[in-house]
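Here the structure comes first, spelled out in structure tokens, and everything after it is commentary.
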Amino acid sequence: MAGAQAGRAALLVLADGRFPAGGHAHSGGAEQAVRAGRIKDARDLAEYCRGRLHTAGLTAAALAAAAAGGLDPLELDAAADARTPSPALRATARRLGRQLMRAARATWPGPELTALATALPRGAHQPVVLGLTARSAALTPEDAAYCALYEAVSGPATATVRLLGLDPFEATAVLARLAPELDEAAARATARAARAAHEGTDALPAAAGPLLDIAAEAHAAWPVRLFAS
């Protein structure tokens, strides 16, 4: 495993919304959902986040856990591409991966990160970079899964506070109430990543959210928007 033995506290740094990986500029689809009227209040936000958690979030978490566990990141990047039918979301994932790579190499430099950056200079998918970053920071596959899942729900929650003027206490309560489901999803993602180590990337989940894909394409066509995605 690359990198110094950082300990579990590194997870707090990696999951912190202030970590300079570019996530603050992305709403996880919430901006389009707000405009379409699918998110109007905290109850809608909870359902939206729950949907992301068990679809795109689960898939991203398993990819991140697999990368943290030492699976070939290039194979995982191809698997991520196959699980992302929306061109807009593929472009977003690679843009975020490129930004995360810069932050990761400055924070937890290691040969595996350098090798991936060299092989894919235009950016690998963000969950793959996230898992490799966790590995470089001496974190576990489960840690990587938790980080990916937390990103999947915290991004929309934070964005909705800005988009709707939603009470931030309500948004935080939504995340807190999702915690048991996040625990379950992290366990599932980690288990599937462990299977993939023996069976190949086909063992990874491919949970899909078609409405997220459609919304991403619509959002990408807007001439003016607050968030990049």
Side-chain angles (χ1 to χ4, degrees), residues 2-31 33-34 39 42 45-46 48-49 52-53 56-57 60-61 63-65 67-68 89 91-110 113 116-117 123-179 182-183 185-186 219 225-229:
Q5 293 297 313
R8 183 61 61 86
L11 178 60
L12 302 179
V13 178
L14 186 56
D16 192 333
R18 291 163 293 188
F19 189 70
H24 66 280
H26 296 263
S27 75
E31 184 169 23
V34 167
I39 300 179
L45 174 63
Y48 182 84
C49 288
R52 276 185 59 84
L53 181 68
L63 287 163
L89 288 181
T92 294
R94 293 194 181 280
R95 186 183 311 122
L96 284 169
R98 190 166 60 247
Q99 293 171 313
L100 175 57
M101 179 66 78
R102 290 182 61 196
R105 293 180 70 189
T107 309
W108 299 289
L113 287 169
L116 182 58
H125 276 260
Q126 193 267 1
V128 179
V129 181
L130 175 62
L132 211 58
T133 301
R135 181 174 173 83
S136 191
L139 294 170
T140 68
E142 185 181 40
D143 291 332
Y146 266 103
C147 192
L149 289 163
Y150 183 70
E151 284 183 353
V153 295
S154 63
T158 301
T160 303
V161 170
R162 295 172 62 185
L163 291 162
L164 286 178
L166 187 69
D167 186 336
F169 294 116
E170 289 188 82
T172 301
V174 165
L175 298 179
R177 286 192 291 269
L178 283 173
L182 197 150
D183 287 337
H219 184 270
R225 54 190 184 232
L226 182 61
F227 290 94
S229 71

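Checked against side chain to side chain contact (heavy atoms under 4.5 Å, CB included), Ala117 has the following partners two or more places apart in sequence or in another chain: Met101, Arg105.
Nearest heavy atoms, Pro156 versus Leu45: O-CD1, 4.0 Å. Contact between Ala21 and Leu96 at its shortest, heavy atoms only, is O-CD2, 4.0 Å. Of all non-hydrogen atoms in Pro168 and Val161, the two that sit nearest each other are CA-CG2, 4.0 Å. Across Ala228 and Arg95, no two heavy atoms sit closer than the pair CB-NH1, 4.5 Å. Here the closest non-hydrogen pair linking Phe19 and Ala103 is CE2-CB, 3.7 Å. The minimum heavy-atom distance between Ala30 and Thr160, with the atom names listed, is CB-OG1, 3.9 Å.
Inter-residue side-chain proximity for Trp108 and Arg135 is flagged as unmet; no heavy-atom pair is nearer than 4.5 Å. The closest side-chain heavy-atom distance from Leu175 to Ser154 is below 4.5 Å.
Between the CG atom in Leu11 and the CG atom in Asp143 there is a gap of 5.0 Å [rounded to 0.5 Å]. The line from OG1 of Thr133 to CG of Leu100 is 4.0 Å long, rounded to the nearest 0.5 Å. Summarising the geometry, atom NE2 belonging to His219 is positioned 3.5 Å from atom CD belonging to Glu31; distances are rounded to the nearest 0.5 Å. Note: Leu14 CG to Leu130 CG = 5.5 Å, rounded to the nearest 0.5 Å. For the atom pair Arg162 CZ and Leu226 CG, the distance stands at 5.0 Å (nearest 0.5 Å).
Not one N or O on the side chain of Arg52 forms a donor-acceptor pair closer than 3.5 Å with the backbone of Gly57.
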Take Tyr48 and Val153 through the side chain to side chain contact (heavy atoms under 4.5 Å, CB included) test and state the conclusion after the steps. CA-CA 9 Å; Tyr48 182 84; Val153 295; over 6 Å; no
Name the atoms and distances for all side-chain donor-acceptor pairs under 3.5 Å in residues 144-151, with sequence neighbours left out.
unit_1 : atom_1 : unit_2 : atom_2 : d
Tyr146 : OH     : Asp183 : OD1    : 2.7
Glu151 : OE1    : Gln126 : NE2    : 3.0

